[in-house]
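Just so we're clear, the structure is a prediction, and the values are computed from it rather than from any experiment.
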Amino acid sequence: MYNFRKIEDKWQKKWNFETKKSSKKKFYMLEMFPYPSAYGLHMGHSRTYIIGDVLARYKRMNGFNVLHPMGYDSFGLPAENAAIKEGIHPLGYTEKAIKNYIRQQKSLGLSYDWSRMIASHTSEYYRWDQWIFLQFLKKGLAYRKKALVNFCPKCNTVLANEQVEKGKCWRHSDTDVEIKELEQWFFRTTQYADKLYREIEKLEWPSTIKDMQKNWISPSKGTLVKFNFENEYIEVFTTRPDTLYGVTAVTFAPEHPKVMELIKGTKNEKDVKKFVNKILLEDKFSRMEKDKEGIFIGKYAVHPLTNEKIPIYVANFILLEYGTGVVMTVPAHDQRDYEFAKKYKIKIKQVIVGNVSDSAYEGEGKLINSEKFNGMNNKKAMAEITGYLEKNKLGKEVIQYKLRDWLISRQRYWGCPIPVIYCDKCGIIPVQEKDLPVKLPGNVNFKSGGNPLATNKDFVNVKCPKCKSNARRETDTMDTFVDSSWYFLRYADNKNNKQIFSREKANYWLPVDQYIGGREHATGHLIYFRFFTKAFRDMGLINFDEPVRKLFSQGDVNKEGVRMSKSKGNVIDPMEMVNEYGADSLRFYLMFLSSPGSVFEWDDKGMKSVSNFINKFYELSNAKCKGKTKDRIALSKINSLVEIVTENIENFRYNKALIGIMEFTNYLNRNRDYISQKTFNESYKTLLALLYPFIPHVTSELNCDNKWPKSNRKLINKEIEYSENFLQNTILDVHNIINLINKKPRKIKLSVSESWKYDFYKRLKKEDSKDFNVLIRKLMIKEHGKEIPKIIQSYIKNPGKFQDVILSQSEEVKILEDNIKILENEFNCDVEISKNDAKAYPGKVSILID
RNA sequence: GCGGGAGUGCCAGAGUCUGGAAAAUGGGCAGGACUUAAGAUCCUGUGGCUUAGUGCCUACGCAGGUUCAAAUCCUGUCUCCCGCACCA
């Protein structure tokens with residue numbers, strides 16, 4: 001067993017992957033930075049980083065100037081919760097965890113430029129979060145408003161839309177999110193909704209992720225319609241303006257703030273309040289499964305075109321977060337409205353020809369009951385009615401997105417303070433840029449129950465920068481997804497303390513050429529960082545508008561069919577594997593067993609066998625060879641292998657690259673008696689280079705080349721490789737023929753299938769068909785039961801001798817004819833080619849005995 | 001309900017794009033060689049039947065279709081996984 005500990009230690013100390021701008025072509029390789037938890041690196045991390053590292057090393061060997069950085073997303077709840085529970089300060093917790101991560105990542109042999117390391121909890125980093133916030137504020141991309149927001153009672157903070165899953169908190173799948181009305185900070189992601197949506201198409205991302213984003217942003221074209229109400233308007237959004245004349249109610253979402261306003265002081269107030277409260281107590285998920293429920297609030301709006309009185313309702317199936325939170329109810333042409341109307345005896349007014357006797361008619365048709373639009377096809381009427389509304393300032397065409405603005409306030413301590421001061425006289429005053437960073441104070445009380453940051457009086461109480469009177473600081477911190485929305489830019493210039501980054505450096509290194517990370521970020525981080533990039537571009541900070549050209553999503557690591565996780569108790573610690581088998585073995589194993597994109601099913605025994613292979617490979621470096629008859633085959637194989645491995649690395653099919661390498665290694669090992677030392681050494685050297693990205697330590701120890709090998713096409717000769725198979729198969733054929741004949745020497749029937757001949761001639765016509773020779777060869781392999789006595793007998797004695805048997809096409813045809821004669825003569829039997837033997841199949845000649 | 005992905009030996013996983021002898025590669029299991037032994041290494045076998053013969057049959061979720069030829073292309077269908085979901 002080679003001493004992997006010594007070797008890996010030696011090379012890890014020696015390696016340095018610091019990089020700077022050069023004339024070489026750049027390649028920015030990035031894996032999503034981790035949250036440094038106290039538990040250390042898990043197997044999923046290891047897999048992701050190794051996938052990236054293989055590509056980074058491969059690109060370096062190909063002459064690219066590779067930027068491959070690592071950092072830590074080090075603000076976040078676990079550190080703060082540890083503080084609350086165990087009394088450890090988040091700073092100490094975090095810094096200890098980061099140290100541990102770095103140590104573990106180094107021990108995996110990951111080739112990072114450590115000089116570019118960043119950690120988002122440091123003020124050198126988060127001051128730029130604050131700076132960005134101020135810029136966004138100026139641009140109107142950050143704003144504060146009172147809104148209904150999602151609140152997780154366990155996290156004790158509000159959440160972004162993206163952090164709510166099926167009505168539950170993303171971190172606490174057992175905790176219902178509460179809806180609260182609070183004044184909070186938002187980023188105006190919707191300003192870029194259109195671009196975020198349309199420009200997905202130009203990304204080289206997995207289609208699943210692209211689809212998820214499209215689904216999340218989800219634009220729909222429709223019309224905003226104003227219903228008159230007392231002295232104001234009620235606006236509704238509809239995708240079916242053609243049914244406007246069929247409106248028989250206007251319906252609000254129960255959470256809608258307007259509802260309480262409308263009922264104030266009316267006789268319905270009590271009932272409506274009761275109804276709304278009942279609905280709000282239900283969690284969102286079970287609400288969906290329930291029947292339609294609603295209540296008339298006792299007031300009427302005015303239809304914009306007919307001036308009819310339209311009753312106003314509140315109903316459980318109206319979503320606050322979509323459109324305006326109010327809809328126009330058209331029972332005749334919307335199934336949900338139909339059900340609702342039936343239950344509450346709301347008028348059903350048909351405006352499109354169709355059957356509405358027992359369900360809504362949602363199809364196409366001619367308009368009726370629609371005044372001057374009568375008779376018009378409904379599709380046409382959509383535009384016409386919208387146009388009419390626009391002309392009369394009663395509505396307009398809009399594109400409605402599902403994407404919401406991003407709520408970034410968090411009532412938590414361990415995050416980046418929002419740089420704002422509240423003054424009773426001056427209102428909201430942004431901290432001035434020169435006063436950044438607003439440092440997160442260390443001295444806070446974690447047991448207060450609320451936001452610990454609010455317990456530090458020195459932090460909270462400040463003078464207003466404008467009027468110098470007493471004021472207080474914002475104590476909310478930013479969502480940690482703000483930190484991760486621009487970190488990839490900071491790597492380009494991580495030590496800059498004058499600017500967020502230099503434009504020149506960012507434009508040189510960015511965009512990221514290859515990004516790797518989990519699918520779970522499809523509708524969160526992967527949208528946010530696109531939003532930031534587009535905003536930065538418009539602010540002139542950078543000259544590109546997408547952060548990442550190519551994205552790859554690695555698969556999970558499972559054990560016994562279940563994703564490895566602490567809660568499932570099925571975790572394998574990568575560091576244990578490194579200690580037992582070495583980092584190279586773990587790297588090889590994680591890349592070998594399944595393709596990087598699919599689920600990796602962990603099997604304890606696999607590590608062992610992979611480590612055996614590496615050991616075997618190591619020992620092979622001293623192998624002695626003799627002979628030369630298979631040199632040409634070996635050279636052909638190694639040169640095709642270079643092409644195979646190259647292609648498979650580029651396509652993230654590392655498992656196939658490694659399989660090819662293993663096959664050839666075994667071939668080399670088995671045929672040492674027929675290969676010259678020179679060829680062996682050359683092949684081995686190539687193998688070393690091919691393996692370097694996967695197992696860098698041991699290959700470095702064996703003096704591996706730093707350049708990616710080029711395949712010499714001239715040496716690739718599939719026919720030589722075939723000829724070896726050909727001979728081996730021929731031996732078998734002959735043995736069998738001899739056996740057969742010895743037993744029952746009567747009549748031999750050679751049959752070639754009709755189907756094969758059909759194809760054969762079809763391809764024959766295409767002169768340039770690459771497959772042609774292959775096809776011939778296939779036929780010949782089997783039909784070659786002829787050369788028998790002479791060639792074969794000597795081959796059996798000396799199998800290495802015949803590596804050069806290559807036959808021309810005409811020779812092969814001749815051989816086929818000869819075969820028959822030989823068989824007939826030598827064995828005194830009849831041989832015939834049968835035209836209609838159903839058992840024959842392409843490339844095979846059946847030899848049957850009557 | 002909508003969108004996406006997947007069903008292949010005992011297991012993991014190739015092959016599907018571009019139809020041409022299904023099961024590469026690894027694991028597991030069984031046998032053998034070498035060993036005092038273990039490990040490592042190297043052979044051989046691993047769907048069923050079998051007269052033991054590169055013999056017969058069965059097989060890529062199921063059912064059809066196209067084709068001389070289908071795991072691969074088409075249609076239908078079942079199951080599983082993932083995302084979104086009363087989106088007006």
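Proximity note for A/Ser595 (side chain, C-beta onward) versus B/rG4, B/rA14, B/rG28: the nearest is B/rA14. Among the nucleotides B/rA24, B/rU41, B/rC43, the one closest to the side chain of A/Lys616 is B/rU41. Distance from the side chain of A/Tyr322 is smallest to B/rC87 among B/rG27, B/rC87, B/rA40. Nearest nucleotide to the A/Arg336 side chain, out of B/rC84, B/rA88, B/rG27: B/rA88. Considering only the side chain of A/Ser609, B/rG27 comes nearest among B/rG27, B/rC86, B/rG83. Ranking B/rG26, B/rA24, B/rA88 by closeness to the A/Val327 side chain, first place goes to B/rA88. The A/Lys656 side chain lies nearest to B/rG15 when the options are B/rA88, B/rG15, B/rC42. Closest approach to the A/Ser594 side chain among B/rA40, B/rU25, B/rG13 is made by B/rG13 (side chain taken as heavy atoms from C-beta onward). Taking only side-chain atoms of A/Leu593, from C-beta outward, the nucleotide of B/rG28, B/rA12, B/rG83 with the closest atom is B/rA12. The side chain of A/Ser220 lies closest to B/rA88 when the candidates are B/rG28, B/rA88, B/rU25.
If you take atom P in B/rC82 and the same atom in B/rG32, they sit 46 Å apart, rounded to whole Å. Comparing the C1' positions of B/rA70 and B/rC17 gives an interatomic distance of 15 Å, to the nearest angstrom.
Taking the six-membered ring where tryptophan is involved, the planes of A/Tyr654 and A/Phe652 are tilted, since the angle between them lies from 30° to 60°.
The distance between atom CG of A/Asn651 and atom C1' of B/rU16, rounded to the nearest whole Å, is 16 Å. Protein atom CZ of A/Phe600 is 13 Å distant from nucleotide atom P of B/rA14, rounded to whole Å. Spacing between atom CG of A/Leu641 and atom C1' of B/rA24 amounts to 15 Å, rounded to whole angstrom units. The interatomic distance linking A/Arg519 (CZ) with B/rC84 (P) rounds to 14 Å, in whole Å. Summarising the geometry, the separation between CG on A/Asn612 and C1' on B/rC42 is reported as 13 Å, rounded to the nearest angstrom.
At the heavy-atom level, A/Arg670 lies under 4.0 Å from the strands shown only through sugar-phosphate atoms. No engagement by A/Gln335 is indicated, since no non-hydrogen atom pair under 4.0 Å with the nucleic acid exists. Within 4.0 Å (heavy atoms only), A/Arg653 reaches sugar-phosphate atoms of the nucleic acid but no base atom.
Ion pairing of A/Lys168 with A/Asp176 is present here, as a side-chain N (NZ or NE/NH1/NH2) and a carboxylate O approach within less than 4.0 Å.
By the 6.0 Å and 45° rule, A/Lys292 does not stack over the aromatic ring of A/Phe340.
For A/Lys292 against B/rC86, a side-chain-to-base donor-acceptor contact under 3.5 Å is present.
For A/Phe600 and A/Tyr589, the ring centers are positioned less than 6.0 Å apart.
Across all their heavy atoms, A/Thr189 and A/Arg404 have their closest contact at OG1-O, 2.8 Å.
Classified by its glycosidic torsion, B/rG9 falls in the syn category, the angle being within 90° of 0.
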